[in-house]
S.K.: 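Mind having a look at this structure? Questions to follow.
Position 1 is the first residue of the sequence; numbering continues from there. The basis for the numbers below is simple: all heavy atoms, side chains too, and nothing from hydrogens, waters or symmetry mates.
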Amino acid sequence: MMSNLSSATEFCLLGFPGSQELHHFLFAVFFSFYLMTLMGNTVIIVIVCVDKRLQSPMYFFLGHLSALEIFVTTIIVPMMLWGLLLPGMQTISLAACVTQLFLYLAVGTTEFALLGVMAVDRYVAVCNPLRYNVIMNSRTCIWVVIMSWMFGFLSEIWPVYATFQLTFCKSNLLDHFFCDRGQLLKLSCDDTLFTEFVLFLMAIVIIIGSLAPTIVSYTYIISTILKIPTASGRRKAFSTCASHFTFVVIGYGRCLFLFVNPKQTQAAEYNKIVSLLISVLTPFLNPFIFTLRNDKVKEALQDQMNRCCPLVKD
């Protein structure tokens, strides 16, 4: 505990409850997920870079999405794994806490922006295919990706700054496995109502700002697909959007529960579960979502495996 007049200079992460045996089991599970996440998303980035069949805007964006998934899981999981191995509580300095929270929120916001860009890309591909290469040229793709990254990082400067302008004098015990903003607000002895309200409004703007083009794009996409006379044509058209649509549903579904919540200080256990979905499960699923239902990616993977391992047969 801390005195009423001082602010924390470091925090103790309570992590997961339970015995040391349970912690070792969780370590093995999360470490396995982490390794598979790194390998799967790295493979996607590599094949997008080296395979000429994947030199298109859709896969260019997919490569950046995979990079974001690697970043978001690396920001959280290594520290979580280290905490599971420690016999006592894990400590984190104030500077490290600021850095971790900022990177976590910035990468998450960048991912939202990129999902909106990918939705527009699918709209152009399905609804205006003859002009697709003209509209989604390499200069446009690079520009929108740069803007997505800039928006993600610049938009989170003030929220993180405002969070750490508070005085954390109630305690320095964070009931989480990383520097979660909701748990930080619980430790503040200042009135956080206004800060929480502004953070809530900013989350709404970010979510709606990226979700709106997605909804509009898929409205036009579905309308166009339904006009295709043959069933095979409709299936082929929708197959180009299925992976992105699946990821959108998972991505927005998981984050709406965590970020768009007017009371940032929600129950710690609920918060941990949703954080695990964001930092562990979704990055792990990303390679499967974008490979199992994508023939081009599967073909590129098979070709690369055949080149690296000549004994692998078709």
S.K.: Is the distance between the ring centroids of H64 and F60 under 6.0 Å?
M.R.: yes
S.K.: If we ignore hydrogens and angles and just use 3.5 Å, is the side chain of S148 paired with the main-chain N or O of V144 as donor and acceptor?
M.R.: yes
S.K.: Would you check if the side chain of Q100 reaches a backbone N or O of A95 as a donor-acceptor pair within less than 3.5 Å?
M.R.: no
S.K.: Are the side chains of F178 and S279 in contact, using a 4.5 Å heavy-atom criterion?
M.R.: no
S.K.: If only atom types and distance count, is the side chain of D51 paired as donor or acceptor with the main-chain N or O of I47 below 3.5 Å?
M.R.: no
S.K.: State, yes or no, whether a side-chain contact exists between S210 and L115 at a heavy-atom distance under 4.5 Å.
M.R.: no
S.K.: Taking atom CZ of F27 as the centre, report whether more than 12 heavy atoms of other residues, nucleotides or ligands fall under 6.0 Å from it.
M.R.: yes
S.K.: Between K186 and L174 (side chain of the first, backbone of the second, donor and acceptor by atom type, cut-off under 3.5 Å), is there such a pair?
M.R.: no
S.K.: Check whether more than 12 heavy atoms from other residues, nucleotides or ligands sit under 6.0 Å from atom CZ of F245, and answer yes or no.
M.R.: no
S.K.: Would you indicate whether the side-chain heavy atoms of E69 and E111 approach each other to under 4.5 Å?
M.R.: yes
S.K.: More than 12 heavy atoms of other residues, nucleotides or ligands under 6.0 Å from CZ of F16: is that the case?
M.R.: yes
S.K.: So which of Y132, Y218, Y220 actually passes ring-ring contact (aromatic ring centres under 6.0 Å, His included) with Y123?
M.R.: Y220
S.K.: Assess the pair F11 and H176: is the distance between their ring centroids shorter than 6.0 Å?
M.R.: no
S.K.: Distance-only, no hydrogens or angles: does the N137 side chain make a donor-acceptor pair with backbone N or O of V134 under 3.5 Å?
M.R.: yes
S.K.: If you count heavy atoms of other groups shown closer than 6.0 angstrom to CE of M150, is the number above 12?
M.R.: no
